[in-house]
Structure formats: C-alpha cells, structure tokens
Amino acid sequence: MKLMKVMVVVGTRPEIIKMSPVIKVLAQEGIPFIFVHSGQHYSKELDGIFFQHFNLPKPHYRLNVGSGSHAEQTSRILLGMERVLSRESCDIVLVQGDTNTVLGASLAASKLNIPIGHVEAGLRSGDMTMPEEQNRKVADCLSTLLFAPTPRSVSILTNEGADPKKIFLTGNTIVDALLQCDAKISPRRGFLKSTIGSDEPYLLLTLHRPTNVDYRSRLQSIMEGMRGIKKQLNMPILWPIHPRSLKNFERFGLNSNVVRLIEPIGYLEFIGLLKYSELVLTDSGGVQEEACVLKVPCVTLRENTERPETLEVGSNMLAGTEPDRISNAVVTMINRPRDWTNPFGDGNAGRRIVNILLNWNRGD
Ligand code: UD1
Ligand code: UDP
C-alpha cells in the first residue's frame, strides 16, 4: 500500500531539534503530514525559539500538556494523542527519542493499531531507573519501523529480538541539524564578542537530569567540581541553565559565583558556544553527540551513557559527580588530541528516514 499520510509528534527541545530534518524533507517531498506538539516544553526558550530557528510550520494540534508528574504528563499525552489519532487517519506516527511525549504518543498509537516509526531507536544506558530508558524501551518495543542511528543501536535492537526487517541504519538526525547550523556560525572572535562579550577561552556546562539537579547534595557536589576546575584552569564556566535546574539551584540557595548562569539559548547560539568552547561538561544526550561531531572534548557528569560510541571514539569521558573525578576527567580530556571520528552519520539521516517511509510496504 502506498504511504498516504504521516503524523509527526514533538514535545521537548531535543525532539524539535532532532525531528526538524525529517520535517524538512517531508515538506520538500510534498508528503502530507499532521504535526502535533504535546506541549511538554512550552517556555519560549525551550520551544518557540527552535520553531523559529528551524523555520518549522505551526503544529496542527497542540495538546498543551505542560509540566507535572510522570503519570500526569504521560496520561495527558495519551489522552490528547488518542483524540488526535481518532480524528486524523494517518498511516504512521513518527516519534523521536525517549521523552514522556514519546511514551504517551507511542502507547496511544499502538492501542489504536496505528504503526509507529521511532527515530533514534536502539539507544540503551542500561539504567532502568532513568525515565528515558523506560520510555525508549517501550517505544522500541511498540514500533513498526526502528530508525537506528548507529551500528551499535542496530545490534542492540537485533540482540533484543526485534525483527531485522523493521530496523534501518539511518545515522542520527542531530548531525543533519548540526551541520546545517554550523555553516551559519560566524568566525570565533566576532561570534563570541557578540554573543558573550568576550573571546577569552571558556568551558560550557549543561545539566538537567533529575538525578543531578533534583538533589541538593548532588548539585552541590557538581558545583564543588566546577570550583576545582575553575581554580585549576582559570576559565569561566558558562551555564545556559535549564528551567528545572534553575528552579532547584534557587531552591537550594546555591552560590552562582563559580559558574556564569545564562538563560537557555537558541540553537545557533548554543552550537556556536559549544564549537568555540575548550570543553563541555554535560549530562545531556544530544550535547554528547554534538560535541563529538564538532570535535569538542566532552566530560559527562553521569555514571552511564546511552551514547557509548562517544566513549569508544575517545570524544567523551564519564566522570560521575564527585569533584575530584570531574577535575581529573577535565584535565585528561582537555589534553586529548581531537582526532576522533564521528560515529553518528553524514548529515543525511532525515532524507534516509523519509526514503524508507516512501518505500515502506505496510504489508511487510
Ligand atoms: C524532559 C525529558 C528529558 C529531556 C529533556 C530535554 C522526560 C521524562 N524528560 O526533561 O528526557 O532530556 O526534557 O530538555 O520526558 N519547565 C519550564 N518550561 C518548560 C518546560 C519545563 O519551566 O517549557 C520546567 C518545569 O518546572 C518542569 C521542569 O522544567 O517541571 C521539568 O520539565 P519536564 O518536561 O518535566 O522535564 P525535563 O527535565 O525538561
Ligand atoms: N541546546 C540549545 N540551547 C541550550 C542548551 C541546549 O539549543 O541552551 C540544544 C543542544 O544543542 C542539544 C539539545 O538542546 O541539541 C539538547 O537538549 P537537552 O540537553 O535539553 O536534552 P537531551 O538531549 O538530554 O534529551
């Protein structure tokens, strides 16, 4: 049967970024699609600025689920998606990544027997306490098409027993988004002067995982680590702070003199700051990938990663949250030659995904 209509679902900052290359190709090919935004992220700096940057169309449906506990958020997405899916007949629902939006949308589609295509399938941290690990496993399990970004994610899916006919090696759409953005970034000095007012060397920090920012002792320990690094390297540490982290930072009464807090920033600004930084410290999934592609050393403030390809190629090191371990990892990584290779693809993942959809036979 010929592909007729696609539903594309997003809900958070990384989903908007990583789905945009797919949306771009769908639009180029004139493939009709219904665009749904769950509203999991709603603040302009986590949502609207990315719609502007990627020139995305207005969603046909906004579920406006907002923030809440996992159960509240997921159930609102489930109900909202059921309503939308019942109104719109579509051949496949595309979800991206591992958020509650992905979980709710996948469950709703699956209950209505509507096929699901999972973009960024087959990632595993091995840590089932992470909400994202739970979400991505469920989504993979329910999906008809699994768009795996790397050979490792293909193997993970195969070893878990997924039908090899459902699995496609596509590369990660982050490379598409990143390369298109990188081409627009101005040279270092001008970019830094206009973005942060100085072109002195600096480090970049991003943190938002609940295990790191929802507990005073953990966040305090990370800040101690930052103090040590700042003393050792004498460089400012810029932190475009996620609202979850800001809320906790203020609630715990932590001192910000060791880091320079800034608002979450748009994609061009963030990628520019990442590209020109000496090193990035992060617990983000997407930032580990982007640092690897841009050849910026990365220290991940976690005990595990669902992007082990970055550890294998040598672009990233796991440092947990103990101050001494963080400092040691920073010194190791900042001195490491930046000669690793990019395991995440060539920037044509969006095109590959759409080609697979166009050739997909629903009877398979
Ligand atoms: C979510 C995803 C996480 C992803 C991250 C990307 C889940 C379980 N988590 O985490 O996988 O890495 O998005 O950033 O799906 N808030 C705002 N404005 C917003 C959205 C949130 O101020 O637009 C604040 C609210 O106080 C909210 C908190 O941030 O309670 C957390 O938001 P939520 O979407 O629940 O989780 P994230 O930590 O953003
Ligand atoms: N990002 C951004 N502005 C910021 C911080 C991050 O544009 O101030 C981008 C970053 O380039 C990456 C994505 O947001 O593509 C990562 O989002 P996040 O860390 O929130 O989610 P995760 O990738 O961990 O799911």
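Just follow the structure's listing: the first ligand is 1, and inside any ligand the first atom is 1. When a residue number appears, it is its place in the shown sequence, counting from 1. Only a predicted model underlies this, so the values are computations on that prediction, with no experimental measurement involved.
In this structure, Glu29 pairs ionically with Arg351, as a charged nitrogen and a carboxylate oxygen lie closer than 4.0 Å. A salt bridge links Arg307 with Glu120: the closest approach of a Lys/Arg side-chain nitrogen to an acidic carboxylate oxygen falls below 4.0 angstrom.
For atom 11 (O) of ligand 1, the nearest non-hydrogen atom of the protein is Glu132 OE2, 2.6 Å. From the protein, the heavy atom lying nearest to atom 22 (O) of ligand 1 is Pro243 CB, 3.2 Å. Counting protein heavy atoms only, atom 35 (O) of ligand 1 is closest to Gln73 NE2, 3.6 Å. Here the heavy atom of the protein found nearest to atom 20 (C) of ligand 1 is His41 CD2, 3.4 Å.
A side-chain donor-acceptor contact under 3.5 Å links Asn248 to the backbone of Val213.
Among Arg244, His242, His208, the residue whose heavy atom sits closest to atom 4 (C) of ligand 1 is His208. Within the set Gly266, Ser284, Gly285, the minimum heavy-atom distance to atom 16 (C) of ligand 2 is found for Ser284.
The closest approach between a heavy atom of Glu45 and any atom of ligand 1 is not below 4.0 Å. Residue-ligand proximity: Glu132 is placed with every non-hydrogen atom at 4.0 Å or more from ligand 2.
Residue contacts with ligand 2: Glu290 is placed with a nitrogen or oxygen under 3.5 Å of a nitrogen or oxygen of the ligand (distance criterion only). Taking only nitrogen or oxygen atoms, main chain and side chain alike, Thr101 does not reach within less than 3.5 Å of ligand 1.
Relative orientation of the His242 and His208 rings is parallel, given thresholds of 30° and 60° on the angle between their planes.
Only the side chain of Ile174 comes within contact range of ligand 2, with a heavy atom under 4.0 Å; no backbone atom does.
If you number the atoms of ligand 1 from 1 as listed, the ones under 4.0 Å from a heavy atom of Ser43 come out as 17 (C), 18 (N), 19 (C), 22 (O), 23 (O).
In this structure, Phe168 has its ring center at least 6.0 angstrom away from the ring center of Trp360.
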